[in-house]
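Worksheet for the structure shown next.
Residue numbers start from 1 in every chain, and the chains themselves are labelled A, B, ... in the order their sequence lines are given, proteins ahead of strands.
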Amino acid sequence: MLFENFSRDRSVTVTEFTRLIKLTIDNEPLLSDVWVLGEVSNVTRAISGHTYFTIKDQGASLRCVMFKNNALKNLNVTLREGISLQVHGNLGVYETAGQYQLIVDQLKEAGEGELYAEFARLKKKLEAEGVFDQERKRPIPESPKRIGVVTSETGAALQDILNTLSRRLPTVIVDLAPTLVQGADAPAGIIKALAALDQIPDLDVIILARGGGSIEDLWCFNNELVVRAVAGSKTPIITGVGHEIDFTLVDFAADLRAPTPTAAAEIATPITIEMLASQLAVFQQEMTQSLSMALSQRADLLFSIKSKLTYFTPSKMLMNQAQVVDGLSQRIQRAILGIQGIKHSQLAGLARRLDSIDPKGILKRGYAIVQERNTHKIISRVEPHLLGAELDVTMAKGKLVVVVQNVMVEK
Amino acid sequence: MSEADLEKLTYEQAFTELERIANQLEEENRSLEESLALFERGQLLAAHCASLLEKAQLRIQKVSQNSTGQKEQ
């Protein structure tokens with residue numbers, strides 16, 4: 001009935017023509033049940049709940065729409081820019097806009113399941129071998145002098161790393177071993193680059209890095225030989241592959257995993273040039289302090305010695321000597337006085353003794369001296385012939401002249 | 001050591017010596033003359049270190065990788 005209107009003689013309307021296209025497409029079984037593989041872009045989620053997006057490859061692009069009810073059925077797969085997806089549906093024509101589009105009812109991640117299974121298998125195997133053991137991990141040197149970098153020479157990761165190193169620690173030497181970091185040749189390239197850097201004896205650390213990408217892009221970092229090369233490196237390795245959310249097997253084998261290339265460069269330089277400069281300032285300050293302390297100690301010592309010197313200065317010594325002399329003379333005086341005192345009392349004693357010896361003293365106590373008047377002979381004992389003799393009897397304050405009338409001799 | 005020799009020291013060499021001098025200066029019972037000499041040397045080393053930091057620029061050298069990638073003597 002539709003075709004009745006078609007004739008070489010007259011035009012058909014746009015609507016009629018579009019309807020013809022639609023009928024032709026709708027009646028083609030190949031177009032009504034198809035899986036298409038492509039990279040997602042231009043994702044738009046409309047308020048209606050429908051999702052519009054485009055899948056494309058290098059040669060073509062295809063508009064897709066997933067109506068609300070189908071969108072709800074496919075929540076397990078995240079539609080995001082750049083990922084590869086397999087989409088299932090039938091081709092439809094949107095007459096108003098004159099567009100054909102795939103009406104999607106099912107989404108499947110492209111090969112990701114298989115890749116993930118391989119990742120998990122390899123991870124388990126290497127884990128069992130001890131390749132990822134925590135004890136194998138070495139500390140990252142605090143102040144590196146030479147840092148090796150393994151990445152693409154043209155990638156943004158290299159620029160990020162160099163900028164970061166230059167900002168944080170421009171004193172380091174960077175040994176760059178450029179390599180492919182994507183595709184079939186990448187694993188061999190990475191292994192070769194790591195080996196070349198590992199030959200440098202004074203290399204402190206190696207950064208193995210790549211910017212963000214799809215799981216396929218990062219796949220070389222899950223290569224078993226690459227992972228083993230990282231684990232076997234003599235030089236400590238920091239990985240910075242992809243974004244924060246991306247984990248590859250080299251991350252587990254490395255001595256340290258950084259979330260991004262920039263972060264890897266930061267971790268590789270724990271001590272920055274600012275810290276070095278302030279450390280330097282601290283040493284300078286310490287030295288100045290030590291010296292001024294040594295100087296002030298000596299000044300103190302000098303002061304105390306000086307005050308000792310003042311104490312022993314000649315004038316002071318003279319004064320001291322004068323004092324000593326004073327003291328001595330005082331002592332001498334005291335000594336002399338003492339001696340005099342003793343002498344005085346000795347004298348007095350002697351005088352007293354002399355007094356007691358002086359016969360006159362005895363006379364005072366009632367004794368008398370008896371002498372023969374003529375001969376002055378001391379009569380000290382009674383004898384018979386003294387009868388009738390004249391005697392001088394000397395007593396205190398004078399003498400008596402007596403005649404002996406009687407003699408009594410004691411028997 | 002002359003100043004020319006000082007100029008040849010790497011940052012690490014100069015810094016290590018500076019660290020030692022700072023420690024030595026902290027020890028007591030060191031002659032004043034010796035302390036002053038140490039201090040003077042330390043100041044020169046610190047200045048040298050500071051100027052090295054100031055002048056530092058990232059040196060990037062590409063590592064040559066031969067075809068086997070096994071040896072790089």
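- Counted within 6.0 Å of CZ on B/R59, heavy atoms from surrounding residues, nucleotides or ligands total 12 or fewer; the atom is thus considered open.
- B/Q61 touches chain A through backbone and side chain together, each having a heavy atom under 4.5 Å away.
- Of all the listed residues (A/D198, A/D175, A/L165), the one sharing the greatest number of non-hydrogen pairs under 4.5 Å with chain B is A/D175.
- Between atom OG1 of residue A/T171 and atom CG of residue B/L58 there is a gap of 8.5 Å, rounded to the nearest 0.5 Å.
- Heavy-atom contacts from other residues, nucleotides or ligands closer than 6.0 Å to CG of A/D133 number more than 12.
- Between the CG atom of B/L52 and the CG atom of A/L276 there is a distance of 11.0 Å, given to the nearest 0.5 Å.
- With a 4.5 angstrom heavy-atom cutoff, A/S143 does not touch chain B via any of its atoms.
- The contact between A/L169 and chain B is made entirely by backbone atoms, counting heavy-atom distances below 4.5 Å.
- Closest approach of A/P170 to B/A56, counting heavy atoms only: CB-O, 3.7 Å.
- In this structure, B/E12 places its CD atom where more than 12 heavy-atom neighbours from other residues, nucleotides or ligands lie under 6.0 Å away.
- Shown here for A/I273 and B/L53, the closest heavy-atom pair between the two residues is CD1-O, 3.3 Å.
- Using a 4.5 Å cut-off between heavy atoms, B/E54 does not touch chain A at all.
- Heavy-atom distances place no part of B/Q24 under 4.5 Å from chain A, backbone and side chain included.
- Among A/Q297, A/E286, A/Q279, A/M293, the residue with the largest count of heavy-atom pairs under 4.5 Å with chain B is A/Q279.
- Interface remark: A/A193 contributes backbone and side-chain atoms alike to the contact with chain B (heavy atom separation under 4.5 Å).
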Pair A/F283-B/L25, side chain to side chain contact (heavy atoms under 4.5 Å, CB included): steps then yes or no | CA-CA 11 Å; A/F283 273 128; B/L25 268 175; over 6 Å; no

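- Considering all non-hydrogen atoms of both residues, B/A22 and A/S290 come closest at O-OG, 4.4 Å.
- Atom CD1 of B/I60 and atom OG of A/S166 lie 7.5 Å apart (nearest 0.5 Å).
- Looking only at heavy-atom pairs under 4.5 Å with chain B, the residue among A/R146, A/R298, A/E153 that has the most is A/R298.
- For the side chain to side chain contact (heavy atoms under 4.5 Å, CB included) with A/M287, the lone residue among B/L45, B/L18, B/L38, B/N23 that qualifies is B/L18.
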